[in-house]
Number of protein chains: 2
Amino acid sequence: MDTAVARERALDAAERLFYGRGVQSVGMDDVRGASGVSLKRLYQLFPAKEQLVEAYLERRDVRWRGRLAAYVAARQEPRERILAVFDWLAEWFGEADFRGCAWINAYGELGAVSGRVAEQVRAHKRAFRDYVGGLVADAGLPAALTGPLCLLAEGAMVTAGITGSAEPAAQARAGARLLLASGVTSAGDGSSRD
Amino acid sequence: MDTAVARERALDAAERLFYGRGVQSVGMDDVRGASGVSLKRLYQLFPAKEQLVEAYLERRDVRWRGRLAAYVAARQEPRERILAVFDWLAEWFGEADFRGCAWINAYGELGAVSGRVAEQVRAHKRAFRDYVGGLVADAGLPAALTGPLCLLAEGAMVTAGITGSAEPAAQARAGARLLLASGVTSAGDGSSRD
DNA sequence: GAAGGGAGAGAACGAGCGTTCTCCCGTGTT
DNA sequence: AACACGGGAGAACGCTCGTTCTCTCCCTTC
C-alpha cells in the first residue's frame, strides 16, 4: 500500500473516530482496526498520537473552511453571502454524523492539557472570524457587526452540538438578519459607544 | 471530620481541578491531595468518579444560575435585565480562573461517552434558555428573540473560553442591544415566518 | 483498662492504552 | 535459489489511574 494512501486511510479513520467519540476514548488500536493500517505503519506516519490528532484537526480545518467558502461563493449579493454562512451551518448541522464543532469539542477535551491543540483551535476560530469579517467588509457593513455575527454562529454550533437539533442555525440566521437590518439603518463607522 | 464538611471539601477540590484541567486528566488521587479527604472517604461519599463528576456539575449549575439570577435581579427595567445577563458574563469572563463554560467543556470531553453528563449539560442549557425566555417575556418582547439572544450568550462563552478574553461579552451585549431595538421596532406576536 | 470499630495512609490490583518489539511471510535482487 | 528487507499481526512492556485492600492508630464504650 502506498504511503500516501495509508496516510489518507489513517486520517479518514482517525477523523471518524475522534470526531464521533472524542479523542481520549479512541485508542491507536481502534484507529488501526478502522483504517486497516498496521500499528507499525501508523507510528511511521505519525510518531505519536498527538501528531495524529494535530493532523486530523489540520486536515479537517482546511476542508471545513473550503466547504464553507465554496457554499458562500455561490451567492452574489454581499448581504446574501453573510446569510449563506448560516444556511451552510443548517446543512452541516443536518448531516447524519454531526456531533458539534470539532474544535470546540477538542478544546473542551484537550485545551487545558495540550498547548498545541489549544493553539490550533484558536487559529481555526481566528480564521473563521477573519472570513466573516471579510464578508462584512465586502457588504459595506460596519466592522462592529463581525463580532456579534460570529458569536451567533459559534452559539449555533455549540447549541446544535449539544441538543442535536439543526434549529439553532435558523435562529442564528434570524438574529443575523436583524443585525444586518440594524446595520443598514445605523450604518456608519460602527464605532458607536455605549 | 464531619461528613458534610468532607463532602464540601471534596467537591471544592474536584470543581477547582475538573474545571481547571478537565475531568479526564484529573485523577481521584489528585482530588484527595487537593481536598485532604482520604481515598476511602471519597469513595464512601461518591461510589465512583462518575458520581463525583455529576455532583460537581450539579452543584456548579445551582450556584452559577443563582449568581446570574441575583445579578440580574438588581436591575429594575425589563430590557435592562436582559442586557444585565451580558454584563454578568463580562464579570464572569474576567475572573482569574475563568476557563470557559464548564458544561460546554464537559460536553466536549464526555458528551459522547457519558449519557448522564450529556443529559446534565442539556438540562443546564435548557434552564438557561428558559431563564432568558422569561426575561424576554417579562419585557414584552417577541419570544422569537430568545433564541438569538441565547446564541449570542453561548457564542460569547465559547469564544471567551477559547481566546481567554472578556471582550466577547461586550460584543454579545452590543448584538443584544441591536436585537432588542429591532424587537421593539417590529414588536408584535413574534410569529413572523421566513 | 481492654476491646472494637472507624478513619487515614498508602500499597496493591487490574484494566486500558500508548508505544515498541518479535516473529513470520512475501518480494525483489543477485 | 538464497538472502536481505519491508511490512503485517499481535504480543509485550511500562505507565497511568480507578478502585480496593491492609495495616495501623486513635477514639469510643463497657
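These values consider heavy atoms only, across backbone and side chains, with no hydrogens, waters or symmetry-generated copies. Proteins get letters first, then strands, A, B, ... in listed order; numbering begins at 1 in each.
Atom pair B:Q24:CD and C:dG16:P shows a separation of 15 Å (rounding to whole Å applied). If you measure from atom OH of B:Y43 to atom P of D:dC17, you get 12 Å, rounded to the nearest angstrom. For the pair A:K49 NZ and C:dG16 P, the computed distance is 15 Å after rounding to whole Å. Rounded to an integer number of Å, the gap from CG of A:D29 to C1' of D:dG8 is 13 Å. When the P atom of C:dT20 is taken as reference, atom CG of A:L42 falls 12 Å away, rounded to whole Å. Note: CG (A:L45) to P (C:dT20) measures 14 Å, nearest angstrom. In this structure, CZ of B:R7 is placed 19 Å from C1' of C:dA7, rounded to the nearest angstrom. Atom CZ in B:F46 sits roughly 20 Å away from atom P in D:dC17 (whole-Å rounding).
Remark: B:D12 engages B:R59 in a salt bridge, criterion side-chain N to carboxylate O under 4.0 Å. Using a 4.0 Å cut-off between charged nitrogen and carboxylate oxygen, B:R67 and B:E91 do not count as a salt-bridge pair. Between B:D130 and B:R126 no salt bridge is recorded (no basic side-chain N to carboxylate O distance below 4.0 Å).
Nucleic acid contact for B:V31: none, since no nucleic acid atom lies under 4.0 Å from a heavy atom of the residue.
For the pair A:S38 and B:P47, nearest-nucleotide mapping onto DNA chain D gives the more 5' position to A:S38.
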I'd like a table of atom pairs between the protein and nucleotides 10-12 of chain D - only N or O on both sides, under 3.5 Å - with the distance next to each one.
| from | atom 1 | to | atom 2 | distance (Å) |
| --- | --- | --- | --- | --- |
| D:dG10 | N7 | A:R32 | NH1 | 3.2 |

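Looking at B:V136, B:L149, B:T146 one by one, the single match for side chain to side chain contact (heavy atoms under 4.5 Å, CB included) with B:L141 turns out to be B:V136.
Under 4.0 angstrom from either OP1 or OP2 of D:dG6 there lies no side-chain N or O belonging to A:Q44.
For A:R41, counting side-chain heavy atoms from C-beta on, the closest listed nucleotide (C:dT19, D:dT19, D:dG7) is D:dG7.
Ring pair A:F98/A:F93 is tilted by interplanar angle, where 30° to 60° counts as tilted.
Applying the ring-ring contact (aromatic ring centres under 6.0 Å, His included) rule to pairs touching residues 9-46 of chain B yields B:F18-B:Y56, sequence neighbours excluded.
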- Message: Determine whether A:Q171 and A:E167 satisfy the following criterion, side chain to side chain donor-acceptor pair (under 3.5 Å), listing intermediate values before the conclusion.
- Response: CA-CA 6 Å; A:Q171 295 174 352; A:E167 206 197 334; 3.1 Å; yes
